[in-house]
Number of protein chains: 2
Amino acid sequence: MDTNVPNSPMNENLREAQDRFVAVWGQMAGAWGISRTMAEVHALLYISGQALCTDDIMERLQISRGNASMSLRALLDWNIVSRVTKRGDRKEYFEAEQDVWALFRAIVRERMNREVDPLLASLYEIRDMTAKAEKGKGEDASAQQRERIDNMVAFFETLEKLSQRFVSPSGKGLQLAATMLSKFPDLGFGAKEEAR
Amino acid sequence: MDTNVPNSPMNENLREAQDRFVAVWGQMAGAWGISRTMAEVHALLYISGQALCTDDIMERLQISRGNASMSLRALLDWNIVSRVTKRGDRKEYFEAEQDVWALFRAIVRERMNREVDPLLASLYEIRDMTAKAEKGKGEDASAQQRERIDNMVAFFETLEKLSQRFVSPSGKGLQLAATMLSKFPDLGFGAKEEAR
DNA sequence: TATGATTTTCAGAAATGATTGAAAGAAAAA
DNA sequence: TTTTTCTTTCAATCATTTCTGAAAATCATA
C-alpha cells in the first residue's frame, strides 16, 4: 500500500532545496555529536515542517526500516523530535521542534549532560590524585599540575553555569542578549579595544 | 639511543593522574571534532606542561611515528600546539597552549571557520532556491519553507557574530563577563524569572 | 483470544575512519 | 658531498561505527 505523502506533487525547486538542506545538515552531524542519518532525519522533519511517518522517512531518505526506527528513537531521546498520533491512523508520526533557539537549547542541555558533566566528575578525581602527590617528593611538579587541572575545572564550571542559564526558562533572556549583542557591535564587553 | 625524558623518575601518583587525564581528554575528542589520538597528544602536552619531542610522545602514548607526526601537524594547524626548538638539539619539541581560555578561543575560531562558515554559505544558496520556488505554484509552502531557513540563518548569523567577539582580542571582555555571570547568578538576563 | 498492522531489536554486512610501518624526503653535521 | 638524524607521506591494515533486513515483539481491534 502507498504511504501517506502530504502535499504530494511538490514544487520541484522546493524539493531540491529540501534535499540540499538534508545533505548539508547531515554533514554537520559530527558537530552535534550525532550520526549522519540521525541528522538527516531531523533535517527532513525540520525543513518539511510536517509530521511524517516512518515509511515517509524511509522512502525519502532511502534508508532501512531499522535505521529509521533507531534514528527516530535517538532523536526522541534528545528531545528535538516528538511523537504525533493522528486519529484513525495507527501509524506513529514524528515532527521536529520548529523553534530554532529551543532546538539548540535542547542540544546544549543534552551535550552538557552527556559530555561535560562526566568530564567534570573525572577532573575532580584527577585533581584529588594530583593533590595527594603533593605530600611526597616532587612537590613543585605536583602543585603546578594541580594548577593546570584547576584552570580546566574553572573553565568547565563556568561553561556549566552559563549553559544552565541558557537552557533554563530564562534562557530566552540570554537569547535576547545574544541577538542584541550580535546586532549592535558597540554594546559593552570591551568593544572599544576591538576597534583599535 | 634513549630519548630525553624530562624529570625522569616521576612521582607515581602524578603520572597516574596524567594518564587518567589523557584518557579522559581522549574520550572528549569527538566533542572537539578531532581524533582520539590528536586529543591524547594534546592532553599529554597540556598536562605535562613541558615541551616534548616526537619520541617522548610515541613512547608515552604507545603510538606509531606516523600517527604522532600527523597528530602533531593537525594540532599545529589548530593553533593549540606550537613548535619549540632547543639549541644544540636537532629534534623538534612541541608544547601546548597553557591558557585554557585561549585554548578554547582557538577551538571556537577553528570550528567556526571549518563548520559554520560553509554551512551558512550553503544555507544562503538553499534559501535562494526556495525563494525562486515562490513564483510558481505552491507559494504558501515555499514561503513557509523560506521562513524556516531564515530562522536557521538568523541563528547562525548570531552565533557567528558572538563568536567573532569571543575570539577577538576583546574576547577577554566576554570571558570576564562569562565568569562573572556564572559566579553571580543574580546578575541581569532575566535571573528573576529563573528564581520563580 | 486471534488477526493483522506497526515497531523494535540485533547479528552480520558494509562503510567509514584511524593507525601502522617502511620508504622517501629534508635538513644539519661531518 | 656524503653521512646521519629526524620528519613526512601514504598504501595497506586494522578498528570502530553505522546500516540492513528479517525475525521477534508490541499493540490496537475485531
Side-chain angles (χ1 to χ4, degrees), chain A residues 1-4 22-23 25-45 51-78 81-94 114, chain B residues 1-5 22-23 25-44 51-78 81-94 114:
Chain A
M1 112 252 50
D2 227 348
T3 58
N4 170 11
V22 167
W25 207 237
Q27 288 170 347
M28 292 293 286
W32 315 132
I34 63 183
S35 79
R36 192 175 50 79
T37 302
M38 218 179 126
E40 286 182 355
V41 171
H42 174 260
L44 178 59
L45 290 173
L52 302 180
C53 71
T54 307
D55 291 279
D56 295 338
I57 293 164
M58 288 168 59
E59 197 248 315
R60 187 70 190 274
L61 300 182
Q62 293 292 306
I63 60 175
S64 72
R65 185 171 300 286
N67 197 3
S69 174
M70 293 179 98
S71 295
L72 284 165
R73 147 78 75 116
L75 288 168
L76 291 171
D77 286 347
W78 276 74
V81 161
S82 50
R83 261 185 242 270
V84 179
T85 55
K86 294 192 176 179
R87 66 166 44 253
D89 191 338
R90 210 137 124 196
K91 281 201 285 289
E92 288 184 315
Y93 288 75
F94 300 88
R114 293 171 190 223
Chain B
M1 109 253 53
D2 228 348
T3 56
N4 170 11
V5 178
V22 167
W25 207 236
Q27 287 170 348
M28 292 292 288
W32 315 133
I34 63 183
S35 81
R36 191 175 50 79
T37 302
M38 218 179 126
E40 286 181 356
V41 171
H42 174 261
L44 178 59
L52 302 179
C53 71
T54 307
D55 292 276
D56 296 337
I57 293 165
M58 287 168 60
E59 198 246 317
R60 187 71 188 274
L61 301 182
Q62 293 292 305
I63 60 176
S64 71
R65 185 170 301 283
N67 198 1
S69 174
M70 291 178 100
S71 296
L72 284 165
R73 148 77 77 115
L75 288 168
L76 292 171
D77 285 349
W78 277 72
V81 160
S82 51
R83 260 183 243 270
V84 179
T85 55
K86 294 192 176 180
R87 67 167 45 254
D89 190 338
R90 208 137 127 196
K91 282 201 285 287
E92 288 185 314
Y93 289 75
F94 300 89
R114 292 172 190 223

task: Sort and list the pairs that fulfil salt bridge (Lys or Arg N to Asp or Glu O under 4.0 Å) and have at least one residue in residues 69-78 of chain B, not counting sequence neighbours.
output: none

message: If the condition is side-chain hydrogen bond (donor to acceptor under 3.5 Å, both in side chains), which residues does A/Gln27 pass it with, not counting sequence neighbours?
response: none

query: Which parts of nucleotides 17-26 of chain C does protein reach within less than 4.0 Å, heavy atoms only, written one letter per nucleotide 5' to 3' as B for base, S for sugar-phosphate only and - for none?
result: -SSBB-----

- prompt: What's the CG-P distance between A/Asp89 and D/dA28, to the nearest Å?
  reply: 14 Å

query: Under the side-chain hydrogen bond (donor to acceptor under 3.5 Å, both in side chains) test, which residues partner A/Arg114, sequence neighbours left out?
result: A/Glu110

- prompt: Does A/Arg73 make a side-chain N or O approach to OP1 or OP2 of C/dT9 shorter than 4.0 Å?
  reply: yes

- prompt: Sequence neighbours excluded, which residues qualify as side-chain contact (heavy atoms from CB on, under 4.5 Å) partners of B/Ala68?
  reply: B/Thr54, B/Met58, B/Ile63

Atom pair distance, as rounded to whole Å: NZ in B/Lys91 and P in D/dT4: 17 Å

Nearest-Å distance for atom pair CZ/P, residues B/Arg83 and D/dC6: 16 Å

task: Quick one: list whatever passes side-chain hydrogen bond (donor to acceptor under 3.5 Å, both in side chains) with B/Arg36, sequence neighbours left out.
output: B/Glu40

message: Measure CG/B/Leu52 against P/D/dC6 and give the value in whole Å, please.
response: 16 Å

- request: Report the distance from atom NZ of A/Lys86 to atom C1' of D/dA28, rounded to the nearest whole Å.
  value: 19 Å

message: According to side-chain contact (heavy atoms from CB on, under 4.5 Å), who are the partners of A/Ala31, at least two apart in sequence or on a separate chain?
response: A/Met28, B/Arg111, B/Glu115

task: Could you name each residue pair satisfying salt bridge (Lys or Arg N to Asp or Glu O under 4.0 Å) that touches residues 63-72 of chain B, not counting sequence neighbours?
output: B/Asp55-B/Arg65

- prompt: Heavy-atom distance under 4.5 Å between the side chains of A/Met38 and A/Trp78, does that happen here?
  reply: yes

message: Need the bend value for the helix from C/dT1-D/dA30 to C/dA30-D/dT1: angle between end axes, 5 pairs each end, nearest 10°.
response: 20°

- prompt: Nearest-Å distance, CZ (A/Phe94) to P (C/dT6)?
  reply: 13 Å

